[in-house]
Amino acid sequence: MSTENAYEALAEAHDDARWAFGTSFDDPLAGVDTTVPSGVDGDDLHAYCLMLGDDALIASHRLQEWCTNAPELEDEVALANIALDLLGQARLLLARAGERGEDYHAFFRDEQEFRNVRLVEPAGGDFGYLIAWLLVFTSWRLALLQRLESSRDPVLAAVAAKGVKEMTYHRDYAARWAVRLGDGTEYSHDRMRAGFEAVWPLVDELFTPHPIERRMAEHGVGVDPATVRAEFDDVLARVLDAATLELPEIPALAGVSGKTGRHGVHTEAMGYLLAELQSIARAHPEAIW
Amino acid sequence: MVTALADARAVAETVTDPELPMLTLADLGVLRDVSEVDDRVVVSITPTYTGCPAMEVMRADLDRALRDAGYRNVEIRTVLHPPWSTDWITDAGKRKLAEAGIAPPGVAPARAGGPVPLTLGPSVHRVRCPRCGSPDTEEISRFSATACKALRRCRACQEPFEQFKEI
């Protein structure tokens with residue numbers, strides 16, 4: 001019963017003149033039980049979902065920037081697929097983050113309202129940096145999601161169970177490139193080392209728990225990121241060893257009065273990123289997506 | 001009512017996947033349940049991948065198919081848990097994939113609890129070329145034109161092909 005053209009089917013389902021942007025974003029949690037688990041503070045749960053959702057949204061945006069810019073077609077496709085999986089996680093998590101819904105959270109919050117770690121913010125452009133960045137991000141997030149599979153929140157547990165399967169492929173992709181480049185030519189080795197050195201100042205922040213993350217962990221809903229450091233270190237050590245690279249020794253980038261991404265304090269890159277990410281939605285606030 | 005329920009299920013089972021039109025949503029294991037609650041049809045589907053953009057089209061196709069069959073009160077629900085696995089693709093679905101030149105998935109990797117193992121080497125499992133049947137194939141990329149497929153090449157007949165990757 002499918003129509004010839006996928007867009008016709010969508011246009012039929014949305015008989016609305018404002019529908020103009022090529023896809024329809026219904027509530028991704030339609031028909032999913034979204035009751036907050038007993039004993040859990042709803043505001044805390046929403047804030048926690050924003051943190052995890054913003055990490056995925058901003059990382060996905062940076063990966064999308066590689067579309068038409070990757071060195072090989074296969075990598076272009078791989079990066080776009082990884083970006084799409086993360087965007088899917090972001091949609092579910094931002095929908096879970098409160099009544100106002102995913103579009104509001106993605107497009108109509110200001111910079112200081114975003115709760116992503118600063119790691120996901122810097123502009124890319126260098127393939128060595130991209131691979132180091134992706135390995136760090138996926139190793140950290142995969143370890144978090146694997147623990148979130150047993151979350152008391154059914155939505156978080158479901159997003160995690162799905163995400164673990166997908167991110168296993170993402171991490172392997174980054175790890176195998178890191179080994180190929182690190183254990184490649186002298187030139188590729190240097191580029192890969194420079195990538196890890198550039199990314200390293202934002203690594204410690206990943207394992208510094210925000211009070212909301214601690215509370216969510218105490219309630220069996222979230223994960224204290226400090227608890228995944230050992231697993232992360234083990235994965236990175238194994239990849240770097242195979243890549244004939246050393247673990248960088250570069251101090252962490254300090255926050256502002258101890259505040260970092262999880263508090264809404266971001267790097268300079270974040271403002272530019274949001275300006276692009278949000279521009280169309282803000283120019284057409286009545287549009288239906 | 002029992003007859004009507006069977007009909008609704010039969011109608012839902014005719015709806016095909018927008019990206020893989022040779023397969024129905026039932027073949028793919030995406031169609032989880034069809035039931036009638038208080039005089040309306042409730043269809044439950046599960047996404048193959050979290051970000052799968054085909055979900056909206058699947059919902060619209062199911063909705064229209066059931067309305068065309070005379071059901072006026074149709075609800076399409078998303079089921080997130082348990083997560084979809086390629087193990088849910090039916091034998092008929094796997095056969096149709098192979099006939100369309102897409103190597104069907106093997107058994108999805110079982111995972112015990114604890115940290116997810118890292119794989120630094122190439123994938124070791126054998127995949128047969130859907131064109132010439134040779135087992136002498138190699139992986140080109142674990143990602144392909146859609147999230148669910150990997151790209152491979154047959155060393156016997158030299159043809160590239162897609163494989164539905166195990167998840």
Side-chain angles (χ1 to χ4, degrees), chain A residues 1-3 6-7 9-10 12-14 23-26 28-32 60 73-75 77-92 139 142-143 146 149 154-155 157-159 161-169 171-173 175-176 179 231 234-235 238-239 242, chain B residues 11 14-19 21 42 44-47 49-66 68-69 75-85 108-109 111 113-123 140-147 150-151 165 167:
Chain A
M1 295 298 253
S2 297
T3 42
Y7 294 109
L10 287 169
E12 223 171 274
H14 292 262
T23 184
S24 113
F25 288 166
D26 287 339
L29 291 176
V32 174
S60 175
L73 186 59
E74 287 78 6
D75 293 295
V77 168
L79 295 170
N81 271 305
I82 295 170
L84 183 61
D85 287 342
L86 289 171
L87 190 64
Q89 292 178 19
R91 290 192 58 197
L92 292 166
S139 299
L142 180 57
Q146 187 260 317
E149 282 185 88
V155 177
V159 170
K162 193 88 189 152
V164 163
K165 290 176 166 217
E166 294 166 356
M167 294 202 75
T168 302
Y169 279 103
R171 188 185 63 180
D172 282 352
Y173 171 81
R176 293 164 83 180
V179 171
E231 183 183 333
D234 176 59
V235 168
R238 282 162 54 206
V239 176
Chain B
V11 171
T14 63
V15 176
T16 54
D17 180 81
E19 290 283 347
V42 178
S44 299
I45 55 174
T46 191
Y49 279 73
T50 317
C52 181
M55 280 297 280
E56 304 301 341
V57 181
M58 292 178 193
R59 298 173 74 95
D61 285 348
L62 280 166
D63 187 76
R64 195 181 43 260
L66 286 160
D68 287 351
E75 188 189 338
I76 316 288
R77 287 187 185 162
T78 307
V79 181
L80 295 178
H81 204 270
W84 179 81
S85 162
R111 192 168 63 81
V116 182
L118 180 72
T119 316
L120 286 176
S123 63
I140 300 172
S141 171
R142 285 195 189 173
F143 299 88
S144 186
T146 59
L151 204 54
K165 67 186 176 207
I167 194 164

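Since this is a predicted model, take the numbers as computed values, not measurements. Below, read A as the first sequence line, B as the second, and so on, with proteins coming before strands; counting in each chain starts at 1.
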Pairwise distance CZ(A:R91) to OG1(B:T50) - rounded to 0.5 angstrom: 11.0 Å

Backbone of B:Y49 reached by a side-chain donor or acceptor of A:D85 within 3.5 Å: no

Which heavy atom of [X] sits nearest to which heavy atom of [Y], and what is that distance?
| X | Y | result |
| --- | --- | --- |
| B:G51 | A:L84 | O-CD1, 3.4 Å |
| A:R238 | B:L118 | NH2-CB, 3.7 Å |
| A:E231 | B:V116 | OE2-N, 4.3 Å |
| B:P83 | A:K162 | CB-CD, 3.7 Å |
| B:H81 | A:A157 | CD2-O, 4.4 Å |
| B:L120 | A:A242 | CD1-CB, 4.0 Å |

Where does [X] contact chain A at under 4.5 Å (heavy atoms): side chain, backbone, both or neither?
| X | result |
| --- | --- |
| B:P117 | backbone |
| B:S141 | side chain |
| B:A145 | backbone |
| B:S44 | neither |

4.5 Å side-chain heavy-atom contact, A:Y173 and B:R142: no

Side-chain touch A:L92/B:L80, heavy atoms, less than 4.5 angstrom: yes

Interface residue of largest heavy-atom contact number with chain A, from B:G114, B:C52, B:P82, B:A54, under 4.5 Å: B:G114

Set of salt bridge (charged side-chain N to carboxylate O under 4.0 Å, His left out) partners for A:E149, sequence neighbours left out: B:R111

Partner set under salt bridge (charged side-chain N to carboxylate O under 4.0 Å, His left out) for A:D75, not counting sequence neighbours: none

Heavy-atom pair count under 4.5 Å with chain B, highest-scoring of A:Q89, A:K165, A:E74: A:K165

Part of A:Q146 within contact of chain B (heavy atom distance under 4.5 Å): side chain

